[in-house]
Every structure is written in structure tokens, then in C-alpha cells.
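Worksheet: one structure, shown below.
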There are 2 protein chains.
Amino acid sequence: MCKDCLFKQPLFNILNPNELETLNQNRYEVRYKKGETIFKQGSALTHIACFTHGMAKIYIEGLNNRNLIIKIVKRGEMVGGPGMHTDFKHHFTVTTLTDTQVCLIDAETFQDVVKSNNKFALAMMKKINTQGIKNFEKFINLTQKQMPGRIADAIFYLSDFVHESDHFDVVISRQDLADMTAMTKESAIRILKEFKDAGLISVEGNHFEILDKETLRKICRTG
Amino acid sequence: MCKDCLFKQPLFNILNPNELETLNQNRYEVRYKKGETIFKQGSALTHIACFTHGMAKIYIEGLNNRNLIIKIVKRGEMVGGPGMHTDFKHHFTVTTLTDTQVCLIDAETFQDVVKSNNKFALAMMKKINTQGIKNFEKFINLTQKQMPGRIADAIFYLSDFVHESDHFDVVISRQDLADMTAMTKESAIRILKEFKDAGLISVEGNHFEILDKETLRKICRTG
DNA sequence: TTGATTCATTGATAAAAATCAATATATTTG
DNA sequence: CAAATATATTGATTTTTATCAATGAATCAA
């Protein structure tokens with residue numbers, strides 16, 4: 001039941017019981033194993049995913065088999081995408097990084113609720129625009145920073161947002177790190193090593209630790 | 001009067017006469033000379049601009065005095081930005097490229113209309129998401145293409161969208177072209193010269209002409 | 001467990017792009 | 001009009017980043 005869900009979107013509190021029940025009637029739960037694809041870029045957007053367990057990477061499949069990871073999602077987050085309300089296609093691929101459980105809510109039903117509840121619609125718009133602001137920041141990060149700045153950004157993203165700690169075991173591969181920062185895997189590894197040699201971080205396999213947050217933050221800012 | 005405006009947003013046709021009149025009561029027209037700033041990044045988002053004459057560049061002010069032009073707007077277009085419904089700040093700067101006339105609609109009034117008219121809200125959401133899809137494409141263009149691919153993109157953007165002809169006089173400077181493609185002015189100029197020498201385009205000062213659309217398109221695609 | 005496959009790391013080299021510097025060409029302003 | 005200012009262009013050089021190649025480590029399936 002959506003209404004009792006521990007990982008319910010705060011957004012859904014805006015809905016009245018009827019509306020929430022409508023969503024509840026038009027959803028189903030799915031479990032994915034690590035590495036499976038939930039949404040595939042180019043395919044029809046028929047559902048919206050709400051994560052109740054696990055993590056996934058959202059990435060754009062670009063040119064020459066290169067990907068750009070735009071976000072890592074985890075429990076409690078909702079994934080629709082810009083295909084919602086427009087062409088109803090997925091404009092990114094979502095692949096799990098761990099075993100994952102999601103609720104898939106029917107997109108049409110979801111849109112009906114948006115249509116019927118102005119407050120909800122406004123909250124959705126706010127959510128979309130907040131993502132838009134983040135995308136602007138990402139544009140600057142990716143186009144105006146050199147590799148060390150971009151890797152530093154990614155480390156803080158993992159630390160602040162994904163793992164919420166300054167020491168953590170990453171769920172992403174080195175290739176993923178490269179796909180987050182728009183560089184090659186080799187370059188990403190080299191920068192990690194530079195940071196390690198400079199005593200800014202400690203890296204042991206998948207275990208990361210931020211040692212000198214100040215300097216790392218400075219690298220972020222100056223690019 | 002908004003209702004008789006030649007450059008009325010198609011979006012505004014969704015509004016009923018009362019709602020449109022409300023907007024009409026809360027707008028005013030402003031003329032800008034070339035090079036003036038309509039919205040400044042970081043300042044309060046108090047109005048939405050509807051262009052009735054002229055052109056402007058929308059750019060993010062990034063690091064080390066570098067800008068990233070994300071869009072060129074012209075007559076008939078509306079500019080709000082992701083600050084709408086969120087923090088009500090501007091997240092980009094809008095500067096005119098020619099003498100320009102805009103209608104500035106009060107943002108609060110605009111939001112009230114969004115709140116009161118679900119169809120309008122949904123249409124706005126569609127518009128925002130359409131922009132989101134374009135931003136995804138821009139991410140790939142800027143991060144996965146080399147300079148020739150990015151310049152080719154920009155030329156098609158100017159040709160297809162801004163000037164709607166394959167020979168045109170650009171309203172942007174070489175620096176602006178560089179700011180659209182995330183490279184230095186010198187690099188942008190060099191690529192233009194390469195294209196010229198290869199017979200793909202003709203450039204004479206500000207007059208551009210696409211000569212070999214096929215090859216140019218190929219450069220776009222392969223990056 | 002072991003071969004196979006994927007993932008991670010390192011070094012050498014090449015390619016791409018920025019920087020610096022100089023000059024040319026417009027454009028504006030007193 | 002002419003000096004001053006901004007914009008555009010070109011070449012030489014350096015920096016940044018990707019590519020290529022080889023090897024090591026980890027993970028997986030039979």
C-alpha cells in the first residue's frame with residue numbers, strides 16, 4: 001500500500017487518499033538483480049519508477065558507445081524523465097548498481113493525477129526545475145573544469161549525496177566514474193592516483209575516504 | 001493587449017479570456033538596446049519575458065569569467081528559467097544581441113495562473129521537459145564531440161533555428177560562438193577556417209553560408 | 001579450482017585543445 | 001577624422017587529454 005510505504009515520496013503527501021489509492025491500484029513491484037536495466041533509452045515510457053531498495057545509475061547513451069551518467073538514484077527516489085508529458089519515450093537508460101526493488105507506477109495514471117491535482121502539478125514542476133538547476137551546474141562542471149575538478153566533483157557527489165559519509169565503498173566501477181566525469185577510464189584512474197599521492201583521498205579498491213576536504217573542495221571550485 | 005498580440009505564445013491559447021487578461025494587467029513592455037541585460041544570473045526572478053522583437057543570448061556565467069550560451073531566443077519566445085516555481089532566482093543571464101522588445105509578465109501572477117489552470121500547468125510541464133530533452137542532447141554534444149563536431153552543431157543551430165536559412169548574417173560574435181561550443185575563441189575561429197578551406201561553408205565576416213550540408217551533417221553525427 | 005572474462009592499473013605516445021603573443025580589422029567615441 | 005577600444009585572425013608553443021599496449025587483479029562459470 002502506497003499510503004503506508006516507508007519510502008513514499010514526500011511529493012505524494014500532497015495527494016488526497018483517493019488519488020494515492022489510484023496510484024496504488026496502478027503500480028506493481030519489481031526486483032532487479034545488479035546490472036539489470038529498468039528503463040532503456042529510446043523505449044516507451046509507460047511507467048515511473050519509485051526506488052524502495054538498492055541503487056541505479058541513470059545515463060545517456062551517447063556517441064561511439066560512450067555513456068554519460070547524469071545521476072545515481074537510491075531508495076526513496078522517483079525516476080520519470082523528460083519524456084513524461086512529451087513524447088513518452090525514455091531519454092536515458094537506468095541500470096541497477098545493486099540488487100534493487102522498485103515500484104512501477106503507470107505513467108498514464110500518473111499523468112491523470114497530475115492533471116487533476118494542481119498542487120501536485122506545481123510540486124512536480126518545482127521538482128523538474130530543481131533538476132534543471134542541477135543540470136546547469138553540471139554543464140559548467142563538465143565543460144569548464146579540467147579533469148581534477150571533475151573528479152573532485154564526482155567524489156563529493158558520491159560522498160555527500162550517494163553514500164552520505166566521507167568514507168564509503170563505491171558501488172560504481174572506474175568506468176562509471178569516467179562516465180560521470182566525461183573522460184576515459186584511464187584518465188579517471190590517473191587523477192585518483194594523483195589525489196591519493198597528494199594525500200587528498202585514500203583509495204583501496206572500492207573503498208574511498210576523503211582525507212583533505214578543504215583542498216579537494218578548492219579543486220572543485222577552481223576547476 | 002495580450003489577446004491580440006501577434007507574437008502571443010501558442011501556450012497562451014490554453015488560457016481563458018479572464019486568465020489572459022490577468023496576465024495582460026500584470027505585464028509591461030520594455031525596449032532594450034543591443035548588448036543590454038534583461039535578466040542577470042543570481043538576481044530575483046520577478047518576471048517572465050516574452051520576446052516581441054529582436055534576439056538575445058541566454059548564458060550561464062560559469063568559472064573564470066567563462067560563459068556557456070545555452071540558447072538564443074527570438075521573437076515569439078518566452079523565457080522564464082528553472083528558478084520559476086523553485087528559488088525564484090535567475091540561473092542564467094539574458095543579454096540582447098540586437099535591439100529588442102519584450103513583455104515582462106509578473107512571475108507571481110504567472111504562477112497563479114499555472115495554479116488555477118491545470119491544462120496550462122501541464123502544457124508548461126511539457127514545455128519544460130522538451131527543454132530538458134534538448135539539454136540532454138546538449139550534454140552529449142558538449143562532452144562527447146570534438147571541436148569540429150561542436151562547431152558544426154552550432155552552425156546548424158544558427159541555420160535551422162535562429163536564422164532559418166542556409167545563408168545568413170550572424171548576430172553573434174566569434175566569442176559567442178566559442179561560448180556556445182565550450183571552447184576558446186581562437187579554436188572556434190580555426191575550425192571555421194578549416195570548414196571554409198574544406199569548402200563546407202563560406203564565411204565572410206558575419207556572413208555565413210552552408211555549402212556542403214551533407215558533409216557538415218556527418219561531422220555533427222560522428223563528433 | 002581453473003581457465004575465461006571482465007575490470008583496474010601503468011607507461012609510452014599521439015592527438016586535441018588551450019595559451020600566449022603578435023597583428024590585423026572593425027567600431028566607437030571624443 | 002583620428003585616436004582609442006573592441007573584435008578577429010594567425011602562428012608558435014605548451015598543456016591537457018585520449019589512445020594504444022601491456023600487465024595485473026578480481027570475479028565468474030563450468
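Both backbone and side-chain heavy atoms feed into the values below; hydrogens, waters and symmetry mates do not.
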Exercise. Which whole-number value in Å describes the distance from A:D197 CG to C:dG11 P?
Worked result: 10 Å
N/O donor-acceptor pairs under 3.5 Å from side chains in residues 186-202 of chain B, not counting sequence neighbours:
unit_1: B:S187; atom_1: OG; unit_2: B:T184; atom_2: OG1; d: 3.1
unit_1: B:K196; atom_1: NZ; unit_2: B:V203; atom_2: O; d: 3.1

Result block: side-chain N/O donor-acceptor pairs under 3.5 angstrom for residues 216-223 of chain B, not counting sequence neighbours:
unit_1: B:T222; atom_1: OG1; unit_2: B:K218; atom_2: O; d: 3.1

Seminar exercise, completed: Going 5' to 3' through nucleotides 13-20 of chain D and flagging B where a protein heavy-atom sits under 4.0 Å of the base, S where only the sugar-phosphate is that close, and - otherwise, we get ---SSSBB
Exercise. Would A:K8 count as a cation-pi partner of A:F12, with NZ or CZ less than 6.0 Å from the six-membered ring centre and within 45° of the ring normal?
Worked result: no
Exercise. Backbone N or O of B:F39 within a donor-acceptor pair of the B:T37 side chain at under 3.5 Å?
Worked result: no
Just list the side-chain donor-acceptor pairs under 3.5 Å for residues 43-55 of chain B, sequence neighbours left out, or say none.
unit_1: B:S43; atom_1: OG; unit_2: B:K40; atom_2: O; d: 2.6
unit_1: B:T52; atom_1: OG1; unit_2: B:Q101; atom_2: O; d: 3.0
unit_1: B:H53; atom_1: ND1; unit_2: B:R75; atom_2: NH2; d: 2.7

For this session: Kindly calculate the angle separating the two end axes of the helix from C:dT1-D:dA30 to C:dG30-D:dC1, each obtained from five base pairs, and round it to 10 degrees.
Result: 50°
Problem set entry | Between C:dT9 (C1') and A:R174 (CZ): distance, integer Å | 9 Å
For this session: Would you verify whether the NZ or CZ of A:K74 falls within 45 degrees of the ring axis of A:F161 while also being under 6.0 Å from that six-membered ring's centre?
Result: yes
Exercise. Would you call A:K145 and A:D153 a salt bridge, taking side-chain N to carboxylate O under 4.0 Å as the test?
Worked result: yes
For this session: Would you indicate, yes or no, if D:dT9 has its OP1 or OP2 atom less than 4.0 angstrom from a side-chain nitrogen or oxygen of B:K185?
Result: no
Exercise. Who passes side-chain hydrogen bond (donor to acceptor under 3.5 Å, both in side chains) against A:D99, sequence neighbours left out?
Worked result: none
